[in-house]
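Index from 1, following the sequence.
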Amino acid sequence: MKAKIEFSDLDLQRAFAAMDPKTFKTTVKAGMRRSLNIIKKRVVANYKAAYPGSDRFKAIHAKVYRTGMGAMIDLIFLKGDKELRPWVLRFQNKGATARVTRKGGYNRGDMPASEFFSSAVEATKGQAESTLARNVDEAIVKKARKEGLV
């Protein structure tokens with residue numbers, strides 16, 4: 001399936017024509033990263049509001065794929081810090097039911113869901129999608145002007 005892309009801005013057309021593929025891909029990724037950070041900032045803000053004083057928000061990670069064909073926001077594992085494991089953030093987001101061990105019947109407790117991650121993504125997904133094209137265009141023109149292509 002082929003898609004035809006038409007640019008109305010003359011600077012953008014010149015930049016698109018003059019840029020080599022590797023530079024173009026890194027520039028597109030930079031524009032995508034700006035849009036992705038809109039969602040990441042909201043997720044971090046929701047986490048800080050739900051759990052004040054906690055520093056587990058440092059495990060929230062935004063990444064643009066190497067190919068430049070997409071992006072993701074994930075909860076990562078930080079080496080050496082046992083308090084910042086991603087499963088703890090997942091339990092805080094989705095919650096956990098009360099558990100009892102088989103041997104000894106020890107109560108492991110339950111955790112109410114705060115939904116800091118999913119609510120933030122749903123609230124800002126539209127805004128990030130709407131700014132994506134503009135951010136990519138601006139990144140291309142900025143890189144072309146920096147390299148003297150436009």
Side-chain angles (χ1 to χ4, degrees), residues 1-97 99 109-150:
M1 183 173 146
K2 292 185 179 181
K4 185 176 180 181
I5 301 173
E6 294 183 25
F7 296 109
S8 58
D9 189 15
L10 188 60
D11 286 343
L12 191 59
Q13 289 177 3
R14 288 181 189 159
F16 186 71
M19 223 178 263
D20 63 295
K22 185 178 179 181
T23 306
F24 183 74
K25 185 168 85 170
T26 58
T27 306
V28 169
K29 287 169 59 175
M32 290 177 71
R33 199 172 296 111
R34 284 186 66 195
S35 292
L36 188 62
N37 281 336
I38 294 171
I39 299 173
K40 182 184 175 186
K41 286 178 185 176
R42 182 69 179 263
V43 170
V44 169
N46 280 7
Y47 182 81
K48 286 181 177 181
Y51 301 100
S54 175
D55 64 346
R56 288 190 178 136
F57 65 88
K58 293 176 185 175
I60 299 169
H61 181 69
K63 181 180 180 180
V64 177
Y65 297 145
R66 185 178 296 170
T67 60
M69 300 302 274
M72 72 172 181
I73 296 180
D74 197 13
L75 307 172
I76 64 167
F77 174 72
L78 298 176
K79 292 181 181 179
D81 197 348
K82 296 188 180 207
E83 290 297 316
L84 294 176
R85 302 213 182 228
W87 55 266
V88 175
L89 289 171
R90 290 186 179 114
F91 279 142
Q92 288 175 336
N93 185 42
K94 293 286 184 186
T97 58
R99 301 172 313 240
D110 61 346
M111 184 178 287
S114 67
E115 307 240 347
F116 70 91
F117 191 85
S118 52
S119 63
V121 170
E122 289 301 319
T124 57
K125 188 181 355 177
Q127 180 185 1
E129 288 174 352
S130 66
T131 62
L132 179 63
R134 189 186 74 229
N135 286 337
V136 169
D137 292 347
E138 287 174 1
I140 291 171
V141 171
K142 180 181 176 182
K143 184 70 170 179
R145 284 188 180 145
K146 184 177 180 181
E147 291 186 0
L149 300 174
V150 178

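Atoms NZ and CG, on Lys48 and Asp55 in that order, are 10.0 Å from each other to the nearest 0.5 Å. Note that NZ of Lys41 is 11.5 Å distant from OG1 of Thr124, once rounded to the nearest 0.5 Å. Atom CD of Glu122 is separated from atom CD1 of Ile39 by 9.5 Å, given to the nearest 0.5 angstrom. Distance CG/Asp20 to OG1/Thr26: 8.0 Å, rounded to 0.5 Å. Interatomic distance, CD1 of Ile60 versus CD1 of Ile73, reported as 8.5 Å (0.5 Å rounding). Taken from CZ in Arg34 to CG in Leu36, the straight-line distance is 12.5 Å, to the nearest 0.5 Å.
With no hydrogens or angles considered, a side-chain donor-acceptor pair links Glu115 and Ser118 at under 3.5 Å.
Pairing each heavy atom of Asn135 with each of Gly31, the nearest pair is CB-O, 3.4 Å. Listed here is the closest heavy atom pair of Ala62 and Asn37: CB-OD1, 4.4 Å. The two residues Ser114 and Tyr51 come nearest to each other via the heavy atoms OG-OH, 3.4 Å. What you find for Ala120 and Arg42 is that their closest heavy atoms are CB-CG, 3.6 Å. Between Val44 and Phe57, the shortest heavy-atom distance links the atoms CG1-CD1, 3.8 Å.
Leu132 places a side-chain heavy atom less than 4.5 Å from the side chain of Met32. Looking only at side-chain heavy atoms (C-beta outward), Gln92 and Tyr47 come within less than 4.5 Å of each other. With a 4.5 Å cut-off on side-chain heavy atoms, Asn46 and Phe117 do not count as touching.
Salt-bridge formation is not detected for the pair Glu129/Lys125: no Lys NZ or Arg NE/NH1/NH2 atom is positioned less than 4.0 Å from an Asp or Glu carboxylate oxygen.
Take Lys143 and apply the salt bridge (Lys or Arg N to Asp or Glu O under 4.0 Å) test, not counting sequence neighbours, and it matches Glu147.
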